[in-house]
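Whatever order the structure lists them in is the order used to number ligands and atoms, beginning at 1. Residue numbers start at 1 and run along the sequence shown. The structure displayed is predicted, hence computed values, not measured ones.
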Amino acid sequence: MASRSGPAYNAAVDEFREREYPMLKDSVYLDHAGSALCAKSLMDAFAAEMTSVLYGNPHSASSPSQLSTARIDDIRIRLLSFFKADPADYDLVFVANATAGVKLVVEAMKSLPRGYVYAYHESCHTSLVGAREDAHSSICLDDGGVQSWLDGQDPFNSASQATSAALFSFSAQSHMDGRRCPLSWAKHLTGKALKDSPRLYTLLDAASFCATSQLDLASPDFAADFTVLSLYKIFGFPDLGALIVRRSAEPVFDHRRYFGGGTVDVVVCGKEQWHVRKTQFLHERLEDGTLPFHNIMAVDAALKAHLRLFGSMDRISAHTAYLAHQLCNGLRSLRHGNGRPLCVMYGDAPGDAGPLGAGPVVSFNIANSAGGWVSLAEFEKLAILKKMHVRTGGLCSPGGIASALGLEPWEMRRNLSAGFRCGTDSDIMAGKPTGVIRASLGAMSTESDVHRFVDFVREFFVEDALAEPRPKTLESAPVKRPSSLRVKAMTVFPIKSCGGFRVPQGTRWEVRPEGLAWDREWCLVHRGSGQALSQKRYPKMALLRPVLDFERGTLRVEYQAQSQGSVLDYVEIPLVANRVFLDDTTRQMSSRVCGEDISAQTYMSSGINDFFTDALGVPCVLARFPPGGRGLNSRTSKARMQKHQQEDNLRRLPGSFPDIPSPPESDSEQQQHGKILLSNESPILLVYSSSVDALNEEIESRGGEAVPESTFRANIVVESLVGEPRQPAYSEESWSGLRIGNQDFTFLGACRRCHMVCVDQATAETRQEPYTTLAKTRRFDGKVYFGSHMRHEPGARPDASSSQPTIQVGEPVTVYGGEFM
Ligand SMILES: *Cc1c(COP(=O)(O)O)cnc(C)c1O
């Protein structure tokens with residue numbers, strides 16, 4: 001795999017990939033250290049060993065146990081030599097992951113008689129930043145700060161710290177953008193510090209570096225006292241980390257107080273309490289409890305498979321550096337029709353990173369043709385759909401991200417109070433991205449991954465200046481006069497994210513302030529996380545079909561087979577929400593719906609909960625959120641008019657920058673929007689059937705397959721009457737009001753879509769349409785819209801005949817394009 005050009009080489013890699021990584025079929029996996037995937041031959045070799053040899057828990061005299069102990073000792077030495085470390089100079093401690101290695105060092109440092117002061121480089125991973133919390137004082141250094149230190153300016157200048165030990169952490173390679181720090185820092189800094197006491201220790205994070213480069217502890221430049229790394233990032237399997245300790249730094253651990261099973265020679269309890277620690281090897285003192293011995297055995301299989309598959313680390317470095325270069329160039333060369341570049345790259349390009357080189361990690365953000373940022377959340381939705389597996393967000397690299405994006409601490413504070421959190425839907429805040437897109441290459445990445453990824457970015461994000469940048473609807477001005485349509489279908493979704501119940505023809509259906517009666521009154525809540533389940537994650541929810549049976553007073557939920565639509569099982573839930581009745585069978589529980597805390601009544605019946613748990617294969621309970629609640633028992637609509645729906649002059653370009661201010665989102669306005677139950681955004685979702693037809697034509701013209709109306713999960717579908725003047729397709733996004741029968745409704749805004757529209761509601765299978773085409777034709781400001789949110793206007797037209805407002809299928813619909821009447 002070393003030679004770097006020619007079709008023969010690519011063909012060889014592709015063949016290798018097919019054989020060794022069958023799970024990568026159809027996927028482009030560019031998530032940190034691509035080698036973090038299990039090679040088939042490694043798993044086969046491991047399975048063969050585990051099923052043919054009896055290994056026992058180490059620490060005992062039985063022969064299976066002795067066999068384990070001997071194997072672990074061998075593997076420890078083999079692993080040291082993989083990093084070219086001489087066992088006379090280094091010991092290797094098995095830990096759960098790189099972070100656990102950091103924690104062992106921190107625990108020892110803080111137990112030193114005078115504790116420690118801490119310095120860390122700004123590119124450090126969160127796991128190393130956290131080490132500052134146990135230090136007397138800490139400082140974050142950029143390159144300049146480290147250089148001043150090397151030039152003789154001690155960053156810890158306070159006299160009170162003069163007697164503490166010091167710890168300096170840095171990354172061999174940033175996992176955020178591949179930047180490398182000189183390994184010689186450790187040597188030069190400790191060299192200086194040795195002259196003046198107390199001692200400075202250095203902690204090197206090699207987790208990202210090791211995945212694609214040879215870590216060489218024999219190099220005369222290598223001087224770190226502690227090195228942490230993750231084995232799974234190198235070999236894919238097993239899930240283990242290692243802490244490699246320079247023997248001269250072992251005394252740091254002498255003050256560690258805790259001892260666990262296996263780390264002591266003698267322990268006395270009772271009247272006297274004392275113990276004698278093992279002393280021969282550091283690893284004996286630090287590996288508390290039973291070692292993950294099967295995992296450690298797998299390291300042997302991993303070392304062998306790695307050698308067999310890749311030959312050497314240097315070959316992987318050459319391969320991944322070449323691919324990173326290709327990827328970087330590919331992304332850099334993308335231009336919008338107006339000539340503006342598409343990608344803003346972070347970190348050095350692999351070619352111009354100087355003598356240290358840069359890791360095969362490519363970080364960037366995407367700008368639209370007007371220079372505005374494309375939101376990471378929208379990028380992710382498309383990437384997931386197209387099976388482009390990359391990481392987005394802050395990537396556990398607080399300092400690296402802040403410096404790449406120029407985020408100041410006050411901006412982070414503002415973003416925090418505006419709701420930004422690590423690991424949640426990352427987005428653009430106040431005109432700046434809060435994270436990056438990261439594609440990282442590994443040993444099993446191929447040139448075709450790179451091409452497919454660049455093609456993906458081109459296909460969905462390059463805006464061609466010649467193409468019409470405006471929404472299609474704008475070609476025909478919104479109709480200002482009333483126009484006739486009728487209700488084609490009405491559907492309620494009693495259980496959030498499950499199948500719908502079609503309101504039968506001829507049945508008058510109540511509309512409430514929260515939406516159509518019985519819509520989203522129940523949800524399924526994950527037993528562990530308390531999160532409401534969504535079809536986005538569990539597509540099989542579409543196969544749970546509710547039937548409202550008012551005669552029997554039940555909600556009957558049928559679980560349909562994926563293929564023929566036969567009913568596999570069902571459960572019945574009483575419709576009555578009488579409090580006395582509920583109290584025996586449910587209990588109040590807080591859960592989360594769309595990131596919002598709510599308090600719902602959860603059912604206790606194991607018959608009901610087991611039905612859903614078995615159907616979905618997810619431990620969950622049914623919960624009810626009846627209408628009329630307050631406080632945590634109530635939610636308000638979030639839908640609002642989107643920029644592309646507003647005045648024409650504000651609609652110049654999607655995502656134009658600087659940002660056009662959004663309509664106010666004040667509390668009073670939220671209240672005006674009214675209450676909702678468990679729906680995501682608004683009381684009622686409406687879709688106009690001509691929009692579905694237009695979209696399907698578009699999909700078919702691009703070679704795709706048309707999708708049924710049900711895919712949009714609308715509550716109300718309206719259609720034009722034959723022979724009457726038609727509203728243009730997609731015009732529901734510009735309507736302001738609507739009358740169905742004698743009930744009035746106000747529009748709240750267009751419905752933002754995610755890839756959940758790709759779940760086939762009949763089979764629960766996921767396809768790429770209609771999101772792929774929507775993303776190309778209905779994307780404004782980087783967000784994809786289809787259909788419109790609305791709410792009922794109670795009392796706008798008092799209905800003398802009944803106290804409950806109702807509507808029905810087939811009723812005439814009048815649309816107001818202008819002012820609401
Ligand atoms: C992955 C990574 C870590 C964390 O490793 P764990 O094994 O998850 O503890 C730390 N630093 C860098 C540079 C990494 O890439």
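- Considering both main-chain and side-chain atoms, H175 never comes within under 3.5 Å of ligand 1 through any nitrogen or oxygen pair.
- The distance criterion of under 3.5 Å between nitrogen or oxygen atoms is not met by L128 with respect to ligand 1.
- Within the listing of ligand 1, atoms 13 (C), 15 (O) sit less than 4.0 angstrom from a heavy atom of S208.
- Residues D216 and F222 fail the side-chain proximity criterion, which asks for heavy atoms closer than 4.5 Å.
- Between F156 and W149, the two ring planes are perpendicular [angle over 60°; tilted spans 30° to 60°].
- The part of D205 lying near ligand 1 is the side chain, judged by heavy-atom distances below 4.0 Å.
- Near N97, with a cut-off below 4.0 Å to any heavy atom, the atoms of ligand 1 are 6 (P), 7 (O), 9 (O).
- Distance check, rounded to the nearest 0.5 Å: CD1 of I234 to CG of L229 gives 5.5 Å.
- Ring geometry for F364 against F453 counts as perpendicular: the plane angle is over 60°, on a 0 to 90° scale with 30° as the lower cut.
- For F16 and F310, the distance between ring centers is under 6.0 angstrom.
- The shortest N or O to N or O distance between S230 and ligand 1 is below 3.5 Å.
- Considering Q173, M176, H125, K233 only, the shortest heavy-atom separation from atom 10 (C) of ligand 1 involves H125.
- Ligand 1 lies within reach of Y232, whose nearest heavy atom is under 4.0 Å from it.
- Centroid-to-centroid, the aromatic rings of H306 and F82 come within less than 6.0 Å.
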